[in-house]
Asker: 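Okay, here's the structure, questions in a sec.
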Amino acid sequence: MDTWFSDRRAMQRSRKRLNNDLKNLMADTEDLLRATASHTGTEVEQGRMRLKRQLEAMREHTDGWRDSAIDTFHEARVGAERQVREHPMVVAGVAAGIAAIVAAIWWSADRRD
């Protein structure tokens with residue numbers, strides 16, 4: 001059964017994999033640029049310059065994604081805190097309802113054993 005926590009863990013794993021893949025791609029690109037530094041020719045030089053520009057753009061995008069994720073998390077946290085402050089009884093009622101549902105499921109599972 002998928003839960004919010006398992007979905008969240010899956011997202012974290014995916015994000016870490018993507019982050020590692022991007023770091024590896026950037027490192028490999030830098031290695032390729034260093035390895036081809038001694039090669040000459042206009043086509044090689046043009047290719048190296050395009051690759052450098054794309055690498056710089058990728059770095060800027062990943063920084064933007066990280067900043068966007070941090071901002072989104074902060075907004076969600078602030079919004080949740082505001083809801084709890086503005087509607088504490090509703091939050092308490094929802095928490096009590098969830099606790100009752102969990103207790104009922106647990107109790108019914110114990111009775112089946």
Side-chain angles (χ1 to χ4, degrees):
M1 178 171 127
D2 285 340
T3 64
W4 181 80
F5 294 110
S6 64
D7 290 345
R8 187 169 176 225
R9 285 188 204 113
M11 281 190 335
Q12 288 173 341
R13 283 192 302 270
S14 294
R15 188 187 75 230
K16 286 180 183 178
R17 267 195 310 266
L18 177 61
N19 193 25
N20 287 337
D21 289 346
L22 285 173
K23 284 181 182 179
N24 289 338
L25 177 62
M26 286 190 282
D28 291 346
T29 302
E30 289 171 342
D31 290 345
L32 179 62
L33 288 171
R34 279 192 291 277
T36 60
S38 63
H39 297 303
T40 58
T42 57
E43 288 182 8
V44 172
E45 191 59 34
Q46 288 173 351
R48 291 183 77 247
M49 292 307 293
R50 270 196 323 268
L51 195 55
K52 281 183 183 179
R53 282 193 303 269
Q54 289 174 348
L55 182 60
E56 289 170 11
M58 187 186 316
R59 281 193 182 114
E60 290 175 12
H61 287 300
T62 55
D63 288 345
W65 293 337
R66 185 189 66 235
D67 293 343
S68 175
I70 290 170
D71 291 344
T72 301
F73 174 77
H74 178 70
E75 290 172 12
R77 184 182 56 81
V78 168
E81 287 177 358
R82 186 180 327 113
Q83 289 297 322
V84 169
R85 283 192 196 109
E86 292 175 2
H87 308 287
M89 295 309 292
V90 172
V91 172
V94 169
I98 291 171
I101 291 169
V102 170
I105 292 170
W106 193 359
W107 182 72
S108 69
D110 283 348
R111 289 193 61 173
R112 278 186 258 147
D113 289 339

Asker: One pair to check against side-chain contact (heavy atoms from CB on, under 4.5 Å): Met49 and Gln46. What are the steps and the verdict?
Answerer: CA-CA 5 Å; Met49 292 307 293; Gln46 288 173 351; 5.8 Å; no
Asker: Between CD of Glu75 and CD1 of Ile70, what distance do you get to the nearest 0.5 Å?
Answerer: 12.5 Å
Asker: Please check if Val44 and Leu32 belong to a single hydrophobic cluster, counting links between Ile, Leu, Val, Met, Phe, Trp and Tyr side chain heavy atoms closer than 4.5 Å.
Answerer: no
Asker: When rounded to the nearest 0.5 angstrom, what distance separates NZ in Lys52 from OG1 in Thr29?
Answerer: 12.5 Å
Asker: Run Leu33 and Leu55 through side-chain contact (heavy atoms from CB on, under 4.5 Å) and show every step you take.
Answerer: CA-CA 10 Å; Leu33 288 171; Leu55 182 60; 4.3 Å; yes
Asker: Taking atom CZ of Arg77 as the centre, report whether more than 12 heavy atoms of other residues, nucleotides or ligands fall under 6.0 Å from it.
Answerer: yes
Asker: Show which residues join Val91 in its hydrophobic cluster (side-chain heavy-atom contacts under 4.5 Å, direct or indirect), or state none.
Answerer: Val84
Asker: How close do Ser38 and Ala35 get, heavy atom to heavy atom, and via which atoms?
Answerer: OG-O, 4.3 Å
Asker: Out of curiosity, His87 NE2 to Arg82 CZ, how far, rounded to the nearest 0.5 Å?
Answerer: 10.0 Å
Asker: Determine whether His74 and Asp71 make a side-chain contact, defined as any pair of heavy atoms from C-beta on separated by less than 4.5 Å.
Answerer: no
Asker: Give the other cluster members for Val94, using side-chain heavy-atom distances under 4.5 Å between Ile, Leu, Val, Met, Phe, Trp and Tyr residues; answer none if it is isolated.
Answerer: Val90, Ile98, Val102
